[in-house]
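Below, chains carry the letters A, B, ... as their sequence lines are ordered, and counting in each starts from 1.
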Amino acid sequence: MTTGERTNRLMAEEKLPTRAQDFSEWYNQLVIKAQLADYAPVRGCMVVRPYGWALWENIQQALDRRFKATGHQNVAFPMLIPRSFIDKEKSHVEGFSPELAVVTIGGGEELAEPLVIRPTSETIIGHMWSKWIQSYRDLPVLMNQWNSVVRWELRTKLFLRTLEFYWQEGHTAHATREEAEAETRQMLDIYADFAVNDAAIPVIPGRKSDAEKFAGAETTYSIEAMMGDGKALQSGTSHFLGQNFAQAFEVRYLDQTGQLQHCWTTSWGLSTRIIGAIIMVHGDDQGLVLPPKLAPYQAVIVPIFKTDEEKATVIEVARKIKADLAKSEIRVTLDEREGMSPGWKFNDWEMRGVPVRIELGPKDVAKQAAVLARRDRPGREGKISVALGDIVTSVASLLGEIQKSMHDRALAFRQANTHATASKDDLKTAVENGFASAFWCGSPDCEAAIKEETRATMRCIPMDQPADSGPCVYCAKPATSRAIFARAY
RNA sequence: CGGGGCGUAGCGCAGCCUGGUAGCGCGCCUGGUUCGGGACCAGGAGGCCGUUGGUUCAAAUCCAAUCGCCCCGACCA
């Protein structure tokens with residue numbers, strides 16, 4: 001083998017498959033190569049690595065401040081739940097029984113009652129609330145917990161579906177149906193606001209059909225996003241639980257007139273799956289592209305030098321830039337790793353999706369300037385030279401521009417791949433590589449038939465509905481609302 | 001649970017058909033030359049060949065069983 005051939009082959013090995021070649025394999029390799037996560041020794045479990053966890057921490061902060069601003073408090077409930085709790089709410093049991101992990105032995109002894117590892121915490125929270133809530137004066141109860149849960153899934157994929165996953169689950173109890181419904185909708189809005197403004201992911205907030213809703217919910221809402229391959233990903237959910245859990249767990253209060261009433265409850269969750277969405281919405285063939293507001297590093301400085309003297313001056317200026325940016329609350333790192341060429345570092349940080357790269361070499365130092373390269377526009381056209389004196393403001397405004405243009409690009413992509421469809425055939429074509437928006441009469445039979453014939457599921461009935469009406473895409477009976485159909489993760 | 005693929009150095013793989021001293025690339029360590037888009041040379045460390053059992057003078061290689069992982073389909077945030 002000649003040197004040239006060997007070099008080409010090695011470069012090919014380091015590169016990702018393109019998204020067009022094999023989207024699924026592109027995703028799998030990217031998660032590993034960007035060092036977000038790795039496979040754990042147990043099937044279907046993942047280890048979230050420091051870079052992935054830093055991203056999750058930024059997501060947590062963005063959400064947590066929204067939760068606190070709306071009056072929620074964080075709590076911690078235990079991971080182990082008596083098996084009998086799950087059985088108390090009928091549709092909850094039916095939904096979760098197949099995917100429970102159950103502990104039957106503790107301290108070497110068979111347990112009198114098996115314990116399940118929480119698949120979600122409605123039941124144990126309902127149990128505790130029944131002790132804590134007595135009066136209308138105790139309401140509303142507004143809680144949230146950051147934790148992990150276990151669901152024994154058959155087919156897994158890093159971040160999108162693992163046996164154990166990290167999330168937050170919010171749980172609230174209210175005196176009236178109206179108040180609980182308003183809470184459910186409020187949290188849906190918060191998720192949408194976070195997705196759009198922080199993750200730069202345009203989402204469709206909507207209501208789930210009965211077939212797709214949460215086990216035990218009266219109504220489930222979700223935000224749905226389109227991935228880079230046109231498939232849908234449910235990226236956050238908010239459930240109106242009615243009085244189902246309050247009745248199962250006797251969560252009751254005395255109202256102003258002395259009547260004993262069941263509470264109205266809600267729950268809502270957003271998981272590390274959102275990281276999968278960020279990867280699949282924004283990533284390109286070079287690797288990750290992270291939205292500035294959530295990126296662990298918003299900027300990386302790559303120093304360039306040949307001689308020791310050059311190194312000394314370049315590093316000194318680079319450290320100054322780093323300090324200045326950090327002072328302005330910009331998350332920045334300086335890549336001082338030895339033994340890697342600048343070109344290698346460029347590629348490495350592109351793989352990891354850092355929004356802005358600052359290239360600094362002797363030529364730049366001589367001009368008192370630096371080169372800024374934006375990740376969302378690869379190649380030369382994404383590079384500009386800026387004066388060192390302006391670097392903080394330049395980087396800050398560039399980050400803002402990137403954040404906006406990432407969202408706009410994702411929105412344009414979704415719009416280009418969403419089609420209003422009036423016939424079954426149109427719908428079938430549309431879901432090959434995007435979303436279909438179609439009138440639906442509301443019948444579960446039509447929904448099931450569409451799923452059967454097109455492999456697409458109903459993602460949601462968008463909150464935002466045009467005022468028109470038309471024939472159901474399947475049975476042609478009059479329908480007043482449109483639904484989104486798509487293949488989904 | 002069905003279909004497919006794979007377990008050999010940290011990673012990616014070859015070797016297995018046709019049994020006989022375990023190999024290549026990347027990465028890692030040392031030294032030197034390099035460095036503005038994935039550098040190069042020289043030297044070096046690193047392996048119960050997934051596990052168990054069988055056949056054989058001899059097994060990474062043949063036979064059987066078993067475990068695990070990944071990918072594709074039915075359930076799901």
Side-chain angles (χ1 to χ4, degrees), chain A residues 1 3 5-15 22 24-25 27-29 32-33 38-45 94-99 119-120 148-169 191 208 211-215 220 222-225 233-239 267-277 286-287 302-308 310-311 314 337-351 357 359-365 370-371 373 378-380 382-383 385 451-452 455 457 487-489:
Chain A
M1 190 187 293
T3 305
E5 278 166 358
R6 190 169 65 231
T7 306
N8 287 339
R9 214 195 59 191
L10 295 177
M11 283 172 66
E13 274 175 8
E14 284 162 354
K15 275 190 177 157
D22 187 345
S24 177
E25 189 53 25
Y27 177 89
N28 290 336
Q29 289 193 22
I32 302 295
K33 288 185 173 172
D38 203 350
Y39 295 100
V42 176
R43 176 195 75 87
C45 292
E94 288 167 5
F96 281 110
S97 284
E99 51 187 53
T120 179
S148 69
V149 291
V150 169
R151 299 178 186 178
W152 216 262
E153 303 288 352
L154 300 177
R155 236 188 96 206
T156 58
K157 200 174 176 81
L158 294 176
F159 288 118
L160 299 181
R161 197 179 302 103
T162 48
L163 298 199
E164 180 184 16
F165 61 90
Y166 300 87
W167 74 344
Q168 56 68 215
E169 46 176 321
Y191 287 151
K208 286 288 195 183
E212 300 280 335
K213 75 183 184 188
F214 172 74
T220 287
S222 73
I223 51 172
E224 299 285 330
L233 185 74
Q234 177 174 315
S235 306
T237 51
S238 185
H239 313 291
S267 68
W268 26 277
L270 185 144
S271 74
T272 40
R273 172 180 267 192
I274 196 77
I275 293 176
Q286 321 308 318
V302 177
I304 300 158
F305 49 78
K306 289 188 178 68
T307 64
D308 281 351
E310 283 177 352
K311 178 178 176 181
V314 166
R337 287 178 294 178
E338 308 258 353
M340 287 120 163
S341 69
W344 191 93
K345 290 179 178 177
F346 293 173
N347 285 287
D348 188 44
W349 290 110
E350 277 172 7
M351 182 72 79
R357 180 179 66 240
E359 303 173 11
L360 186 76
K363 293 180 218 164
D364 305 298
V365 173
V371 171
R380 285 218 167 274
K383 290 195 187 188
S385 181
K451 182 175 177 182
E452 179 69 27
R455 284 172 53 220
T457 51
R487 304 234 167 107
Y489 280 98

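- Applying the 3.5 Å distance criterion, the base of G36(B) shares a donor-acceptor pair with the side chain of D364(A).
- Rounded to whole Å, the P atom of U34(B) lies 46 Å from the corresponding atom of C71(B).
- You can call F165(A) stacked on the base of A77(B); the centres are under 5.5 Å apart and the planes sit within 30°.
- Counting distance only, with no hydrogens placed and no angle test, the side-chain atoms of K345(A) and the base atoms of G36(B) include no donor-acceptor pair under 3.5 Å.
- As rounded to the nearest Å, C41(B) and G37(B) have C1' atoms that lie 23 Å from one another.
- With P as the reference atom, C62(B) and G7(B) are 12 Å apart, rounded to whole Å.
- Checking G23(B) for Watson-Crick or G-U wobble geometry (two distances, each under 3.5 Å) identifies C13(B) as its partner.
- Each of G36(B), C70(B), A77(B) was ranked by its minimum atom distance to the side chain of R43(A); first place goes to C70(B).
- Looking at the side chain of Y39(A), the nearest of the listed nucleotides C70(B), G36(B), A39(B) is C70(B).
- Looking at E153(A) and R155(A), no side-chain N of the basic residue comes within less than 4.0 Å of a carboxylate O on the acidic one, giving no salt bridge.
- The partner of U30(B), taking Watson-Crick or G-U wobble pairs whose two distances both stay under 3.5 Å, is A42(B).
- With P as the reference atom, G27(B) and A22(B) are 26 Å apart, rounded to whole Å.
- Mapping C45(A) and E164(A) onto RNA chain B by nearest heavy atom places C45(A) at the nucleotide closer to the 5' end.
- A salt bridge does not link D348(A) to K33(A): none of the charged side-chain nitrogens sits closer than 4.0 Å to a carboxylate oxygen.
- By the 6.0 Å and 45° rule, R151(A) does not stack over the aromatic ring of F96(A).
- Checking A77(B), G36(B), G68(B) against the side-chain heavy atoms of S271(A) singles out A77(B) as nearest.
- Ring-plane geometry between F214(A) and H239(A) is classed as parallel, the angle between the planes falling under 30 degrees on a 0 to 90 degree scale with a further cut at 60.
- With respect to E359(A) and K383(A), a salt bridge is recorded, a charged nitrogen being found less than 4.0 Å from a carboxylate O.
- With distances taken from any side-chain atom of S341(A) to the nucleotides A77(B), A39(B), C72(B), the minimum falls on A39(B).
- A65(B) is paired with U51(B) under the Watson-Crick or G-U wobble criterion, all donor-acceptor distances under 3.5 Å.
- Between L163(A) atom CG and C76(B) atom P the separation is 16 Å, expressed in whole Å.
- Of the candidates C35(B), G38(B), G37(B), the closest approach to any side-chain atom of K383(A) belongs to G37(B).
- Taking the side chain of R357(A) as heavy atoms from C-beta on, and the options C71(B), C70(B), G37(B), the nearest nucleotide is G37(B).
- In terms of position along RNA chain B, the nucleotide closest to R155(A) lies nearer the 5' end than the nucleotide closest to the other residue of the pair K451(A) and R155(A).
- A donor-acceptor contact under 3.5 Å is formed by the side chain of R161(A) with the base of C76(B).
- If you check A77(B) for Watson-Crick or wobble pairing at under 3.5 angstrom, you find it has no partner at all.
- To the nearest whole angstrom, the two P atoms, one in U8(B) and one in G47(B), are 15 Å apart.
- In summary, E310(A) and K363(A) do not engage in a salt bridge, as defined by a charged side-chain N under 4.0 Å from a carboxylate O.
- Taking atom P on both G43(B) and U52(B), the two are 38 Å apart, rounded to the nearest angstrom.
- Between the P atoms of U55(B) and G15(B), the separation comes to 29 Å (whole Å).
- Of the C1' atoms belonging to G53(B) and C70(B), the separation is 27 Å, rounded to the nearest Å.
- Pairing for A59(B) is absent, with no Watson-Crick or G-U wobble pair whose two atom distances lie under 3.5 Å.
- For E153(A), taking side-chain heavy atoms from C-beta onward, the closest of the listed nucleotides C71(B), C75(B), G68(B) is C75(B).
- At the heavy-atom level, E25(A) lies nowhere under 4.0 Å from the strands shown.
- Across all strands shown, E359(A) has heavy atoms under 4.0 Å from base atoms, whether or not it also approaches the sugar-phosphate.
- With C72(B), A39(B), C35(B) as the candidates, the nucleotide lying closest to the side chain of I304(A) is C35(B).
- Distances were taken from every side-chain heavy atom of K157(A) (C-beta onward) to each of C72(B), A77(B), G38(B); the shortest belongs to C72(B).
- With Y27(A) contributing its side chain and L158(A) its backbone, the two residues share a donor-acceptor pair below 3.5 Å.
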